[in-house]
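First up is the structure itself, then whatever we jot down about it.
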Amino acid sequence: MILDQIKNYKAYFRNGVLDKAFEFLKNLKADMPDGKCQIDGANIYAIVSSYDPKPFESCGLEAHRKYIDIQCVVSGSEMIGWAPTKLLASKTPYSKEKDVEFFVVPDEHLQKVELSQGLFVFLLPDDAHMPGIRIDAKKGHVKKAVVKIKYDFWNKAFQS
């Protein structure tokens with residue numbers, strides 16, 4: 001997992017493969033409609049959504065195998081939990097159709113960070129994550145974009 005400000009993304013991704021994804025995130029506005037947005041053909045797309053974060057107990061710990069996530073809050077803030085998949089027990093088997101596996105939330109190894117406007121979190125397939133957690137007892141609305149990058153596309157770009 002990488003957590004940083006959007007403006008610093010080139011410190012991690014220098015070959016230009018993710019420039020379109022981060023340009024999309026840098027230009028997001030709070031009034032952008034919810035829905036799916038194509039960024040780079042079938043290799044990179046985004047899902048923009050609006051919601052109220054939920055209590056910790058109502059959130060799920062998940063990981064994906066086909067896609068990398070870049071999650072970025074446009075407005076509001078939420079907590080996101082993170083743990084390496086190798087330390088977790090599976091709760092539901094991996095769904096190839098939905099590209100998701102859910103894990104049992106551990107008593108230890110789960111780190112929580114606040115995700116607010118201007119920050120991004122970059123999550124690889126071995127990064128289990130629990131998005132959409134309400135901060136304390138605060139209720140608030142969140143607008144967020146999740147950019148999905150085909151793992152094979154990303155992996156090939158860094159091997160060449």
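- Counting only heavy atoms from C-beta outward, the side chains of Ile44 and Val147 approach each other to under 4.5 Å.
- Residues Gln71 and His129 are in side-chain contact: their nearest non-hydrogen atoms beyond the backbone lie under 4.5 Å apart.
- In this structure, CE in Met32 is found 11.0 Å from OG in Ser50, a value given to the nearest 0.5 Å.
- In terms of heavy-atom proximity, Lys98 sits nearest to Ser95 at N-OG, 3.2 Å.
- When the salt bridge (charged side-chain N to carboxylate O under 4.0 Å, His left out) test is applied to Glu114, no partner is found at least two apart in sequence or on another chain.
- Through side-chain heavy atoms spaced under 4.5 Å, either directly or across other Ile, Leu, Val, Met, Phe, Trp or Tyr residues, Val100 is tied to Phe102.
- Considering only heavy atoms from C-beta on, Val113 stays 4.5 Å or farther from Val121 through its side chain.
- Residues that satisfy the side-chain contact (heavy atoms from CB on, under 4.5 Å) test with Lys7, not counting sequence neighbours, are Gln5.
- In this view, Asn43 satisfies the side-chain hydrogen bond (donor to acceptor under 3.5 Å, both in side chains) rule with no residue, not counting sequence neighbours.
- Alongside Tyr45, the hydrophobic cluster contains Ile47, Tyr67 (criterion: ILVMFWY side chains under 4.5 Å).
- Judged as a side-chain contact (heavy atoms from CB on, under 4.5 Å), and not counting sequence neighbours, the contacts of Phe56 are Val105, Leu110, Lys112, Met130, Ile133.
- Between atom OG of residue Ser116 and atom CE of residue Met79 there is a gap of 10.5 Å, rounded to the nearest 0.5 Å.
- The cluster map of Ile, Leu, Val, Met, Phe, Trp and Tyr, joined by side-chain heavy atoms under 4.5 Å apart, puts Ile6 and Leu119 in different clusters.
- Screening Ile68, Ile149, Leu25 for a side-chain contact (heavy atoms from CB on, under 4.5 Å) with Leu18, the sole residue that qualifies is Ile149.
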Using the rule given for salt bridge (Lys or Arg N to Asp or Glu O under 4.0 Å), can you reason through Glu23 versus Lys20, listing the C-alpha separation, both sets of side-chain angles and the distance that settles it, and then say yes or no? CA-CA 5 Å; Glu23 285 303 314; Lys20 289 180 183 178; over 6 Å; no

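- Residues Lys86 and Asp126 form no side-chain contact, since every pair of their non-hydrogen atoms from C-beta on lies 4.5 Å or further apart.
- In terms of heavy-atom proximity, Ile39 sits nearest to Ala46 at CD1-CB, 3.8 Å.
- Applying the side-chain contact (heavy atoms from CB on, under 4.5 Å) criterion to His109, with sequence neighbours excluded, gives Leu87.
- Side-chain contact check for Pro33 versus Val48: every heavy-atom pair is 4.5 Å or farther apart.
- Looking only at side-chain heavy atoms (C-beta outward), Thr85 and Pro125 stay at 4.5 Å or farther from each other.
- Sorted by first and then second residue, the salt bridge (charged side-chain N to carboxylate O under 4.0 Å, His left out) pairs with a member in residues 58-79 read Arg65-Glu101, Asp69-Lys148, Glu78-Lys144; sequence neighbours excluded.
- Residues Ile80 and Val146 do not share a hydrophobic cluster, clusters being chains of Ile/Leu/Val/Met/Phe/Trp/Tyr side chains in contact below 4.5 Å.
- One finds the OG atom of Ser75 at 7.0 Å from the CD atom of Gln117 (value rounded to the nearest 0.5 Å).
- In this structure a side-chain-to-backbone donor-acceptor pair under 3.5 Å is missing from Asn155 to Tyr151.
- Contact record, Ala63 with Phe103: CB-CE1, 3.6 Å, taken as the closest heavy-atom pair.
- Under the salt bridge (charged side-chain N to carboxylate O under 4.0 Å, His left out) criterion, Lys143 pairs with Asp34, sequence neighbours left out.
- Judged as a ring-ring contact (aromatic ring centres under 6.0 Å, His included), the pairs with a partner in residues 8-38 (not counting sequence neighbours) are, in order, Tyr9-Phe22, Phe13-Phe22, Phe13-Phe122, Phe22-Phe120.
- Residues Ser77 and Pro53 come closest through the heavy atom pair O-CG, 4.0 Å.
- With sequence neighbours left out, the side-chain contact (heavy atoms from CB on, under 4.5 Å) criterion links Ser49 to Tyr51.
- Here the straight-line distance linking atom CG of Leu3 with atom CH2 of Trp82 works out to 11.5 Å at 0.5 Å rounding.
- Considering only residues two or more places apart in sequence or on other chains, Asp127 meets the salt bridge (charged side-chain N to carboxylate O under 4.0 Å, His left out) condition with none of them.
- Residues Ala145 and Leu28 come closest through the heavy atom pair CB-CD1, 3.3 Å.
- Side-chain atoms of Asp52 and Arg134, non-hydrogen and from C-beta on, never get closer than 4.5 Å to each other.
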